[in-house]
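Working notes, structure below.
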Number of protein chains: 2
Amino acid sequence: MARGSTRPTSRDVAQAAGVSQAAVSLVLGDKWRGRVSEPTAQRVRAAASELGYRPNLAARNLRLGRTRTVLLVVPALTTEFFAEVYTGAARVAAQHGFGVVLYPSPEGVGPARDPFASAQAALDGVIASSMAADALTAIRGDQLPLVMLDSDPEGSLGAATVNLDIADGIRQVTEHLLALGHRSFLHLAADIPSWTFEVRARELASRLDAAPGTQLRTIRAPISIEGALRATEAALAAPGPRPTALVCDDDKLAAGAYKAIRRAGLRVPDDLSVTGLDDLGLATAIDPELTTVRLDAEAFGERGMRALLAVLEGRPPEEGDLPVSLVVRGSTAPPR
Amino acid sequence: MARGSTRPTSRDVAQAAGVSQAAVSLVLGDKWRGRVSEPTAQRVRAAASELGYRPNLAARNLRLGRTRTVLLVVPALTTEFFAEVYTGAARVAAQHGFGVVLYPSPEGVGPARDPFASAQAALDGVIASSMAADALTAIRGDQLPLVMLDSDPEGSLGAATVNLDIADGIRQVTEHLLALGHRSFLHLAADIPSWTFEVRARELASRLDAAPGTQLRTIRAPISIEGALRATEAALAAPGPRPTALVCDDDKLAAGAYKAIRRAGLRVPDDLSVTGLDDLGLATAIDPELTTVRLDAEAFGERGMRALLAVLEGRPPEEGDLPVSLVVRGSTAPPR
DNA sequence: CAGCGGAAGTTATACGTAAAACGTCTCTGA
DNA sequence: TCAGAGACGTTTTACGTATAACTTCCGCTG
């Protein structure tokens, strides 16, 4: 890779400007007031930009003992949700001079890779989704400042948590469907052991318990269109009265359910009302557009990063769950 | 953040094992054969795992002058395409002890942020999509080894390029539609100046030029469901004979077109055949399932990373474009 | 005119690691 | 018997930066 000359160091800049390396560091680090004269500072800046100087981050990190880099651990990037979480986190990070490295926990259950080794970066802290199951133990073992996303506030052993108010979302969904007159519910649940999905199930069950004359059945599927299609198909083929409302743990499951419903010769929402959760782009791509719970994934990422910054500075992170809101579209209607 | 004791260094491990720091480095760096006895190596390893030692990457990077970290510059993560590119690149990277940092070029045309500063990491190389327009000039200015994705091989000034064979994909689409009997085409093009979209337009035009009795009209839209919806709606409302085949630059555009077509009271594929490009999850979520060109985004990312590794090692990167394949589903049929 | 204080620097040092260069000690073969 | 070659380490150094500690010069005050 013989790139002619190697990268210039602060010493090269110093030489070009006729000052010491320390002076360069002071000027470029913006700590020169009262230590270096204005004309000298000018010369240093000119020399730096002339040579195209970029500080060596490895050296700086070593010297300072911190890296201004954090790790974001997510379950996967197969849906845009965590991509948006990343975007939000990265935006806030950049505003504070931080970088974000991503660790999408691998889907296949291979030999559990080490998120830290694979990030290959020196880290100041970690933001981790509680859904990234296989990475969590390694993360817990490490001593880095940690913020958990969508995690049981009780079970987080002191780590800061940032949560979406999923329970309230399910409440809104349930009330919407009850108000439309639905009484027979089917819950298409994600086949993943994670707190955020437990919340959905618990909230839905308790809301319906409180509503007289309702019934609830639950089926499970992996979060994929194919998986949801199969699970829903099986449920629709089952004997007994057909439910009139299908509450899905997320939009992708709802999209799969749509297909099963069509294949069964039924229609949304006439024969079956369907709701999702996430409000991905997918929600408005399918027909009819999906009634779903809007989660602000970017705000979620921003909040996560802000919480981590707070932890790093010894401040208490913001309290309270992030609000969510029901978006009523064409997939829900009164039962026939 | 007073974490009781600070992280152990190699010197701590050395002390615990009763050897010198150099011995620790040799053992843990797997360079100890013939230099350190087996029992001593054992002691070192035991001490290291006892203390939970993790090498300080900043120090290692500084010492070695490389970081085993590369930057992946992508236009955005709003579709799963580049998320998969990342996944593929990160997988190959991990196999070689590399990490991948992501830089999604910001959508809003703000003050062009510096991808290198915002990555906040010392880098060994860069993989950049030619679609990440606003980051490209900064990247070109830097002297890092570079691999371009989806970029004009002629105009890349010596940087290695890795491309999908998009032209062949368009060829397959065109031949498929021509074989079905279509003669009147509408091209829903992405409203982004990028080589990969130019290729689509050029190939489509030249294929149809070669087919007697065909005609082609082109409309442009930003890559979003909303944008495609509006552009297609306008085109369908235009006077004159309606085209029978709609070739879209990607799946998302096709999803938007579906909605416009439905709103116009028409049906896919009876009134209008539609094709996409990407084969995102979206393609099978919509109804009817979309006939599209399958791009293997993960393989694309893998190939990009392998090319960068080759460049870093002074080897020539693999030649040849990545193959793509038409997936015929329910959105294409003979014209009425 | 001693001496003090601020401006404008410079010199020196530490961060933690990898590895080159340098010691010992023991064993072996001629 | 003695040179030479391992085996098994250790000592030392350099990577590039940030900053504490130090120097020098000058203007001013008492």
Side-chain angles (χ1 to χ4, degrees), chain A residues 5-45 47-48 51-69 97 116-117 120-124, chain B residues 5-45 47-48 51-69 97 116-117 120-124:
Chain A
S5 52
T6 175
R7 267 174 65 167
T9 72
S10 61
R11 212 173 308 268
D12 297 328
V13 175
Q15 190 162 4
V19 298
S20 71
Q21 179 267 331
V24 174
S25 184
L26 288 171
V27 171
L28 268 35
D30 211 34
K31 297 204 158 59
W32 58 282
R33 269 153 300 233
R35 318 258 289 121
V36 176
S37 69
E38 179 63 42
T40 306
Q42 294 278 5
R43 278 204 335 273
V44 168
R45 280 191 287 260
L51 295 178
Y53 169 70
R54 262 177 203 295
N56 179 319
L57 292 179
R60 169 180 292 174
N61 291 341
L62 174 58
R63 172 70 233 245
L64 295 179
R66 65 188 156 69
T67 59
R68 293 187 167 277
T69 297
F116 300 105
Q120 193 67 14
L123 303 171
D124 280 355
Chain B
S5 53
T6 176
R7 264 174 66 169
T9 72
S10 61
R11 212 174 308 269
D12 298 329
V13 175
Q15 189 161 6
V19 297
S20 71
Q21 180 267 331
V24 173
S25 184
L26 288 171
V27 170
L28 268 36
D30 212 31
K31 297 205 158 56
W32 57 282
R33 269 154 301 233
R35 319 257 290 121
V36 176
S37 68
E38 179 62 43
T40 306
Q42 294 279 4
R43 278 204 335 274
V44 169
R45 280 191 287 260
L51 296 179
Y53 169 70
R54 259 177 206 296
N56 179 320
L57 292 179
R60 168 179 294 175
N61 291 341
L62 175 58
R63 173 68 235 245
L64 295 179
R66 63 188 157 71
T67 59
R68 294 186 166 275
T69 297
F116 300 105
Q120 193 66 14
L123 303 171
D124 280 355

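Just so we're on the same page: letters track the sequence lines, and every chain starts at 1.
- Rounded to whole Å, atom C1' of D/dC15 lies 13 Å from atom CG of A/D12.
- Residues from residues 19-37 of chain A with heavy atoms under 4.0 angstrom of DNA chain D, sorted by number: A/Q21, A/A22, A/S25, A/K31, A/R35.
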Listed pairs under 3.5 Å, donor-acceptor, residues 26-35 of chain B side chains, sequence neighbours left out:
residue : atom : partner : partner atom : Å
B/R33   : NH2  : B/D30   : O            : 2.8

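- Between the CG atom of A/L62 and the P atom of C/dT17 there is a distance of 9 Å, given to the nearest Å.
- If you take CG on B/L62 and CZ on B/R60, they are separated by 12.5 Å, rounding to the nearest 0.5 Å.
- Residue-to-nucleotide proximity on DNA chain D shows that, of A/S10 and B/G18, the 5′-proximal contact is made by B/G18.
- Side-chain atoms of B/R7 come within 3.5 Å of backbone N or O of B/R54 as a donor-acceptor pair.
- Between A/L57 atom CG and D/dC15 atom C1' the separation is 14 Å, expressed in whole Å.
- Overall, the helix from C/dC1-D/dG30 to C/dA30-D/dT1 carries an axis bend of 60° between its ends, with five pairs at each end and the value rounded to 10°.
- Here the side chain of A/T9 is nearest to one of C/dT17, D/dT17, C/dG16, namely D/dT17.
- Put simply, CG on B/L57 and OG1 on A/T67 are 9.5 Å apart, with the number rounded to the nearest 0.5 Å.
- Atom P of nucleotide D/dC15 and atom CZ of A/R54 are separated by 22 Å, given to the nearest angstrom.
- When all heavy atoms are compared, the tightest approach of A/T40 to A/S37 is OG1-OG, 2.8 Å.
- For the pair B/N61 and A/A58, the tightest heavy-atom approach, listed with the atom from each and the gap, is CB-CB, 3.6 Å.
- Rounded to an integer number of Å, the gap from B/Q15 CD to C/dG16 P is 14 Å.
- OP1 or OP2 of D/dG16 has not a single side-chain nitrogen or oxygen of A/R11 nearer than 4.0 Å.
- A distance of 8.0 Å separates CZ of A/R68 from CG of A/D124, quoted to the nearest 0.5 Å.
- B/N56 has its CG atom 17 Å from the P atom of C/dA14, to the nearest Å.
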(message) If you apply the rule side-chain contact (heavy atoms from CB on, under 4.5 Å), what do you find for B/R11 with B/Q15, and how did you get there?
(response) CA-CA 6 Å; B/R11 212 174 308 269; B/Q15 189 161 6; over 6 Å; no
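- A/L64 comes within 4.0 angstrom of the backbone, heavy atoms only, and of no base.
- Straight-line distance from the CZ atom of B/R60 to the C1' atom of C/dA19: 13 Å, rounded to whole Å.
- Here the side chain of A/D12 pairs a donor or acceptor atom with the backbone of A/T9 at under 3.5 angstrom.
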